[in-house]
Every structure is written in C-alpha cells, then in structure tokens.
Asker: 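Just passing along the structure, written as structure tokens.
Start at 1 and go down the list; that is how both ligands and their atoms are numbered.
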Amino acid sequence: MNNEVVFSQELEVEGGDFVRGGESSCRILEILKELAFSPAIVRRAGIAAYEAEMNIVMYAEQGNLNLTVTPDRIVIVAEDRGPGIEDIDLAMQEGYSTATDEIREMGFGAGMGLPNIKKNSDDMEISSSVGEGTRVQIVIRANHEGTSSEAA
Ligand SMILES: Nc1ncnc2c1ncn2[C@@H]1O[C@H](COP(=O)(O)OP(=O)(O)O)[C@@H](O)[C@H]1O
Ligand SMILES: [Mg+2]
C-alpha cells in the first residue's frame, strides 16, 4: 500500500448554516475531479462527504471535513463539536432520524444519510461522545469502482 499523502485539506462546516451547508463537500468533489479520480469514485466520495457535512449542519455546532488523499485511497474525516449520538446502531438504521419539523420542511431528515455513507464507502467508522461530538471516518479505495453499473 502506498501511504504517500498526495493531497490533504481541512474544510470548515458551520452548524445551523443551511445557506453554505454543502459547500465543503462540493469543494471535495472538485478536488477529487481535479486529481482525476474516476466519476464513480468522485460520486461515491461526494455523496458520503455531503451526508456527513449536512449532519454537522443539522445536528452539531461546529465541525470540519478533513480530506486526505493517497494514491490508494481517499479518506474523509468528519468531526464535530455537538450533542453526539447516544445509540449509534439505531442512528445507522435506514429511516431513523431525530430531525426537527423545521429541518424536514427543508427536505432533510429521511434518515438515510448514515446508511448512504456506509453504502458509498469501502470502510466507515463512527464514534461519538454524548455532549461532546461525533467523528465519522470514510474510506474509499481509489482502485475500487463500487458496484454501480454506471460508466466509470
Ligand atoms: N454529527 C451528528 N451529530 C449528532 N447526531 C447525529 C449526527 N449525525 C447523525 N446524527 C443522528 O443520527 C440520525 C440519523 O442520521 P442520518 O442517517 O444522516 O439521517 P437524517 O440526517 O436524515 O436524520 C440523525 O437524525 C441524528 O439523530
Ligand atoms: Mg443526515
């Protein structure tokens, strides 16, 4: 495995900011495109990063997305200061959401974010401390196109 870091960047995410929410994952998408990853890889990373970013926007106070790229893999770590997650197994279930009515009116809160991160990553690790914050690590292997039938 080649662990040489070819690119790394930290992007801020502000809790409650639904106007700029999505910008950091959009930047990650652009960076990965510029680094010439295949569209399938870029799409998977973009979806996972977006879901992690919006969870910070929706539920946390402040956080960041940390992108690290090596020749073999894309690693995105989403870390926040916020309420944390009491029951991670429950939060990982499809359809489970604690989104408020206000958030649902904006079209979020389907409870598919964490399951979608898992689906689109080769490895996902989530840890959380109630009252402190949450950390989601997303790994996507660069030589792995996923199961999508779309052209790479
Ligand atoms: N960063 C986070 N901080 C606190 N709670 C979170 C965070 N991310 C997810 N959660 C909790 O996990 C639940 C499920 O998240 P997710 O699958 O993304 O669905 P949704 O965002 O639609 O609610 C959320 O409703 C929330 O209770
Ligand atoms: Mg979500």
Side-chain angles (χ1 to χ4, degrees), residues 5 7-33 35 37-70 73-142 144-150:
V5 174
F7 187 92
S8 97
Q9 187 159 327
E10 186 179 292
L11 298 139
E12 300 294 315
V13 182
E14 191 62 40
D17 189 347
F18 285 88
V19 175
R20 296 191 55 204
E23 282 183 8
S24 290
S25 50
C26 191
R27 183 74 197 111
I28 286 178
L29 203 119
E30 286 168 4
I31 291 164
L32 296 177
K33 263 189 218 165
L35 291 172
F37 284 103
S38 72
I41 293 276
V42 173
R43 188 182 61 249
R44 290 171 61 215
I47 292 169
Y50 177 74
E51 293 292 355
E53 177 175 14
M54 291 315 294
N55 279 350
I56 296 174
V57 172
M58 285 188 272
Y59 305 112
E61 287 155 30
Q62 166 76 47
N64 57 65
L65 298 184
N66 230 298
L67 170 69
T68 308
V69 179
T70 70
R73 47 190 225 156
I74 297 160
V75 182
I76 299 161
V77 177
E79 241 173 331
D80 70 58
R81 182 165 45 77
I85 300 174
E86 220 171 272
D87 186 337
I88 290 175
D89 288 340
L90 183 61
M92 287 297 302
Q93 281 179 24
E94 293 190 3
Y96 175 82
S97 176
T98 61
T100 60
D101 288 345
E102 201 187 347
I103 288 175
R104 286 171 201 271
E105 274 162 27
M106 288 188 273
F108 300 102
M112 294 304 292
L114 294 175
N116 268 333
I117 293 173
K118 188 161 182 66
K119 229 174 268 173
N120 283 284
S121 59
D122 292 306
D123 185 61
M124 173 194 187
E125 277 170 31
I126 175 165
S127 58
S128 191
S129 303
V130 172
E132 288 180 27
T134 301
R135 181 182 189 275
V136 179
Q137 177 174 286
I138 297 154
V139 178
I140 293 168
R141 287 200 303 273
H144 181 266
E145 300 294 322
T147 51
S148 168
S149 58
E150 272 177 58

Asker: Out of all atoms in ligand 1, which are within 4.0 Å of some heavy atom of Ser97? Include the element for each.
Answerer: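 So the atoms of ligand 1 that pass are 20 (P), 22 (O), 23 (O), 25 (O).
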Asker: Under 3.5 Å, N or O to N or O, is Leu114 touching ligand 1 that way?
Answerer: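 Yes, since at least one N or O of Leu114 sits under 3.5 Å from an N or O of ligand 1.
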Asker: Can you find an N or O of Gly111 that's nearer than 3.5 Å to an N or O of ligand 1?
Answerer: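 N/O-N/O distance below 3.5 Å exists for this pair.
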Asker: Between Asn64 and Glu12, does any side-chain donor sit less than 3.5 Å from a side-chain acceptor?
Answerer: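 Note: Asn64 and Glu12 side chains miss the donor-acceptor criterion.
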Asker: Quick one: look at Asp80 and ligand 1, take heavy-atom pairs under 4.0 Å, and tell me if it's side chain, backbone, both or neither.
Answerer: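 It is the side chain that touches ligand 1; the backbone stays farther off.
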Asker: Short list, please: which atoms of ligand 1 are under 4.0 Å from a heavy atom of Ala110?
Answerer: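 Answer for ligand 1: 22 (O).
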Asker: How about CZ on Arg104, more than 12 heavy atoms from neighbouring residues, nucleotides or ligands closer than 6.0 Å, or not?
Answerer: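 Yes, CZ of Arg104 has more than 12 neighbouring heavy atoms, counting only those of other groups under 6.0 Å.
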Asker: Counting from 1, what ligand 1 atoms have a heavy atom of Gly113 closer than 4.0 Å?
Answerer: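 Heavy-atom distances to Gly113 below 4.0 Å select 16 (P), 17 (O), 18 (O), 19 (O).
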Asker: The test is salt bridge (Lys or Arg N to Asp or Glu O under 4.0 Å); show your working for Lys33 and Glu30 and say whether it passes.
Answerer: CA-CA 5 Å; Lys33 263 189 218 165; Glu30 286 168 4; over 6 Å; no
Asker: Quick test: of every protein heavy atom, which one is nearest to atom 5 (N) of ligand 1, and how far off is it to 0.1 Å?
Answerer: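 Protein heavy atom at minimum distance: Ile85 CG1, 3.4 Å.
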Asker: Which residue and atom name correspond to the protein heavy atom nearest atom 20 (P) of ligand 1, and how close is it?
Answerer: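 Of every protein heavy atom, Tyr59 OH, 3.4 Å lies nearest to atom 20 (P) of ligand 1.
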Asker: Any heavy atom of Tyr96 closer to ligand 1 than 4.0 angstrom?
Answerer: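 Right, Tyr96 reaches ligand 1.
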Asker: Does some non-hydrogen atom of Met58 fall short of 4.0 Å from ligand 1?
Answerer: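 Contact check Met58 vs ligand 1: positive.
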Asker: Just wondering, is there an N, O or S atom on Met112 that's nearer than 2.8 Å to the Mg ion (ligand 2)?
Answerer: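 False for Met112.
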Asker: Between Phe18 and Ile103, is there a side-chain heavy-atom distance shorter than 4.5 Å?
Answerer: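 The answer is yes, as the side chains (C-beta and beyond) meet within the 4.5 Å cut-off.
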Asker: How about Leu29 and Val42: do any of their side-chain heavy atoms sit closer than 4.5 Å?
Answerer: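 The answer is yes; the side chains approach within 4.5 Å.
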Asker: For atom 12 (O) of ligand 1, what is the closest protein heavy atom, and at what distance to 0.1 Å?
Answerer: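 Sorting protein heavy atoms by distance from atom 12 (O) of ligand 1 puts Ala91 CB, 3.4 Å first.
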Asker: If you count heavy atoms of other groups shown closer than 6.0 angstrom to CD of Glu102, is the number above 12?
Answerer: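 No, not enclosed.
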Asker: What protein heavy atom sits nearest atom 9 (C) of ligand 1, and how far away is it?
Answerer: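 Ranking protein heavy atoms by distance from atom 9 (C) of ligand 1, first comes Asn55 ND2, 3.6 Å.
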Asker: Any chance CD of Glu86 has more than 12 other-residue heavy atoms, nucleotides or ligands included, within less than 6.0 Å?
Answerer: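 Counting neighbours around CD of Glu86, 12 or fewer heavy atoms of other residues, nucleotides or ligands fall under 6.0 Å, so no.
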Asker: With a cut-off of 4.0 Å, which atoms of ligand 1 are near a heavy atom of Pro115?
Answerer: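 With Pro115 as reference, the close atoms of ligand 1 come out as 17 (O).
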Asker: Answer yes or no: is there a side-chain heavy-atom contact under 4.5 Å between Leu67 and Val75?
Answerer: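 Answer no - side chains too far apart.
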Asker: If you measure from each heavy atom of Ala60 to ligand 1, is any distance below 4.0 Å?
Answerer: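 Per 4.0 Å heavy-atom rule, Ala60 does not contact ligand 1.
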Asker: Before you tell me yes or no, could you show the steps for Phe7 and Thr68 under side-chain contact (heavy atoms from CB on, under 4.5 Å), namely the whole-Å CA-CA distance, both residues' side-chain angles and the distance that decides it to 0.1 Å?
Answerer: CA-CA 6 Å; Phe7 187 92; Thr68 308; over 6 Å; no
Asker: When you compare the side chain of Ile140 with that of Ile41, does any pair of heavy atoms fall below 4.5 Å?
Answerer: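 Yes, close enough: below the 4.5 Å cut-off.
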Asker: Measure Thr98 to ligand 1 on non-hydrogen atoms and call it side chain, backbone, both or neither using the 4.0 Å cut-off.
Answerer: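 Both backbone and side chain.
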